[in-house]
Amino acid sequence: MTQPDLFGDSFARDGVTVLRRFAESDDVALVAAIDAIAAEAPFRRMTVPGGGQMSVAMTNAGVGWVTDAQGYRYSGEDPVSGKLWPDLPPVFVDLAQRAAAEAGFDFTPDGCLINLYAPGARMGLHQDRNERDFSAPIVSVSLGLPARFQFGGLRRSDPVETLVLHHGDVVVWGGPARKAFHGVLTLKPGHHAIGGHRYNLTFRKAL
Ligand code: MD3
Ligand code: FE
């Protein structure tokens, strides 16, 4: 029998490229960019079509992902302010392009969804399928407290593997991985130099 991956540090699935600590040297610039975005478009806990409120707080740069009673969609405008989402900062675009290139993709994102997990926040198993072009990968960047990320298959009922994502880890999700079910287990409290929370940036080609 295969040994369970207790440390979550090895993970091999078709279409998944894990770049450990790839973003670590940019962390200060990334957090400053997040702060600047959040000053214009504050983090908010969105409502899902079923009427519940997400535990993860979100904001966006570039093309933004939103949910409300009407459903999930991408939009150029922040529904809270009625203004365009802040532009994608160059430090975001550059990082996403370099990470995607490591995985063999020529990728330029048009949007970034920024997730803020306070302790207790989680994200249930879901697929990302509001994007127009599934040949483009999604690039994810983790900052702050570690998360237990769950990666399944093409059916909700498929078994999931747990991958621990640490500060600075970047993952490129393309090809067969792009439509896989995934989620994040409840964030445990802890201490980190950037604060007692976790950010996840997901770079997308939404339109
Ligand atoms: C695999 N975010 O924003 S990042 C999301 O940690 C989302 O906040 C999680 O799932 C987070 O939609 C996970 C890793 C990730 C992101 C998008 C994916 C994995 C993915 C899309 C397709 C397949
Ligand atoms: Fe997702």
Side-chain angles (χ1 to χ4, degrees), residues 8 11-20 22-23 30 34 37 43-46 48 54-67 71-75 85 92 95-96 99-100 103 105 107 109-156 158-188 192 194 197-206:
F11 187 84
R13 289 281 276 272
D14 238 22
V16 182
T17 302
V18 181
L19 304 169
R20 294 290 183 192
F22 190 82
L30 292 168
I34 294 168
I37 291 163
F43 283 100
R44 79 293 303 264
R45 290 173 53 201
M46 297 183 193
V48 292
M54 300 187 80
S55 58
V56 177
M58 300 176 165
T59 188
N60 289 278
V63 178
W65 183 87
V66 293
T67 175
Y72 311 122
R73 65 192 169 277
Y74 281 100
S75 169
W85 295 105
F92 276 23
L95 174 66
F105 289 97
F107 171 67
D110 59 15
C112 179
L113 172 61
I114 307 172
N115 295 146
L116 168 58
Y117 293 76
R122 60 185 290 275
M123 190 178 287
L125 214 58
H126 67 279
Q127 292 170 301
D128 287 28
R129 48 180 186 195
N130 296 121
E131 301 75 27
R132 207 162 282 168
D133 176 9
F134 291 106
S135 69
I138 287 182
V139 175
S140 75
V141 178
S142 293
L143 295 168
L145 292 178
R148 294 163 296 157
F149 174 76
Q150 300 214 292
F151 189 72
L154 295 178
R155 291 171 306 186
R156 184 178 289 282
D158 286 338
V160 296
E161 269 184 86
T162 301
L163 170 67
V164 179
L165 294 175
H166 296 273
H167 179 73
D169 288 350
V170 178
V171 188
V172 183
W173 313 87
R178 182 62 183 75
K179 284 183 177 166
F181 277 90
H182 58 278
V184 178
L185 296 177
T186 304
L187 193 82
K188 294 177 179 173
H192 189 278
I194 74 151
H197 52 265
R198 169 179 187 254
Y199 293 117
N200 183 265
L201 312 177
T202 49
F203 294 99
R204 298 147 187 271
K205 189 166 175 294

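One-based numbering, in listed order, for ligands and for the atoms of each.
Contact annotation: Y117 has at least one heavy atom less than 4.0 Å from an atom of ligand 1. Residue contacts with ligand 1: Q127 is excluded, as none of its non-hydrogen atoms falls under 4.0 Å. Residue contacts with ligand 1 include A177, since one or more of its heavy atoms lies under 4.0 Å from the ligand. Contact annotation: R198 has at least one heavy atom less than 4.0 Å from an atom of ligand 1. Not a single heavy atom of V171 sits closer than 4.0 Å to an atom of ligand 1. Using a 4.0 angstrom heavy-atom cutoff, M58 does not count as in contact with ligand 1.
Checked against the 6.0 Å centroid criterion, the rings of W65 and F203 do not qualify as a close aromatic pair.
In terms of heavy atoms, L154 sits closest to D158 at N-OD2, 3.1 Å. A pairwise comparison of heavy atoms in L165 and S142 identifies CB-OG, 3.6 Å as the closest pair. Heavy atoms only, all atoms of each residue included: S140 and N200 are closest at CB-ND2, 4.0 Å. Closest approach of T67 and V48 over heavy atoms only: OG1-CA, 3.5 Å.
Between D128 and K179 there is no salt bridge, since no side-chain N of the basic residue sits under 4.0 Å from a carboxylate O of the acidic one. Between D169 and R20, at least one side-chain nitrogen of the basic residue sits less than 4.0 Å from a carboxylate oxygen of the acidic one, meeting the salt-bridge criterion.
Cation-pi contact between R198 and Y117: present, with separation from the ring centre below 6.0 Å and deviation from the ring axis of at most 45°.
Of all protein heavy atoms, the one closest to atom 15 (C) of ligand 1 is W173 NE1, 3.5 Å. The nearest heavy-atom contact from the protein to atom 4 (S) of ligand 1 is N200 OD1, 3.4 Å. For atom 21 (C) of ligand 1, the nearest non-hydrogen atom of the protein is H182 CE1, 3.4 Å. At the top of the distance list for atom 5 (C) of ligand 1, counting protein heavy atoms only, stands R204 NH2, 3.3 Å. Looking at atom 13 (C) of ligand 1, its nearest protein heavy atom turns out to be F149 CE1, 3.5 Å. Nearest protein heavy-atom contact of atom 16 (C) of ligand 1 is T202 CG2, 3.7 Å.
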Item to complete: Test ring pair (Phe, Tyr, Trp, His ring centres under 6.0 Å) on W173 and F107 and set out the steps.
Response: CA-CA 12 Å; W173 313 87; F107 171 67; over 10 Å; no
Practice prompt. Quick one: do F151 and F11 satisfy ring pair (Phe, Tyr, Trp, His ring centres under 6.0 Å)? Show the steps, please.
Written response: CA-CA 10 Å; F151 189 72; F11 187 84; 5.8 Å; yes
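The ligand atoms of ligand 1 that sit less than 4.0 angstrom from a heavy atom of M123 are 2 (N), 5 (C), 7 (C), 10 (O). Contact atoms of ligand 1 toward I138: 17 (C), 21 (C) (distance under 4.0 Å to a heavy atom of the residue). Residue contact check: L113 has heavy atoms under 4.0 Å from atoms 3 (O) of ligand 1. With ligand atoms numbered from 1 in the order given, ligand 1 contributes 4 (S), 14 (C) to contacts under 4.0 Å with heavy atoms of S140. If you number the atoms of ligand 1 from 1 as listed, the ones under 4.0 Å from a heavy atom of V184 come out as 6 (O), 9 (C), 11 (C).
When atom types are taken as modelled, the side chain of R13 and the backbone of G152 share a donor-acceptor pair closer than 3.5 angstrom. Of the possible donor and acceptor atoms, none in the side chain of H182 sits under 3.5 Å from a partner among the backbone N and O of Q150.
Test R204, K205, R178 against D133 for salt bridge (Lys or Arg N to Asp or Glu O under 4.0 Å) and you get one pass: K205.
Nearest N/O/S atom of H126 with respect to the Fe ion (ligand 2) is recorded as NE2. Checked against the Fe ion (ligand 2), the N, O or S atom of D128 at the shortest distance is OD1. For the Fe ion (ligand 2), the nearest N, O or S atom contributed by H182 is named NE2.
Ring orientation note: the planes of Y199 and F43 are close to parallel, at an angle under 30° on the 30°/60° scale.
Every N/O-N/O distance between R178 and ligand 1 stays at or above 3.5 Å. In terms of N/O distances under 3.5 Å, ligand 1 is approached by D128.
No part of K179 comes within 4.0 Å of ligand 1, judged by heavy-atom distances.
When V16, L116, N115 are ranked by how near their heavy atoms come to atom 3 (O) of ligand 1, first place goes to N115.
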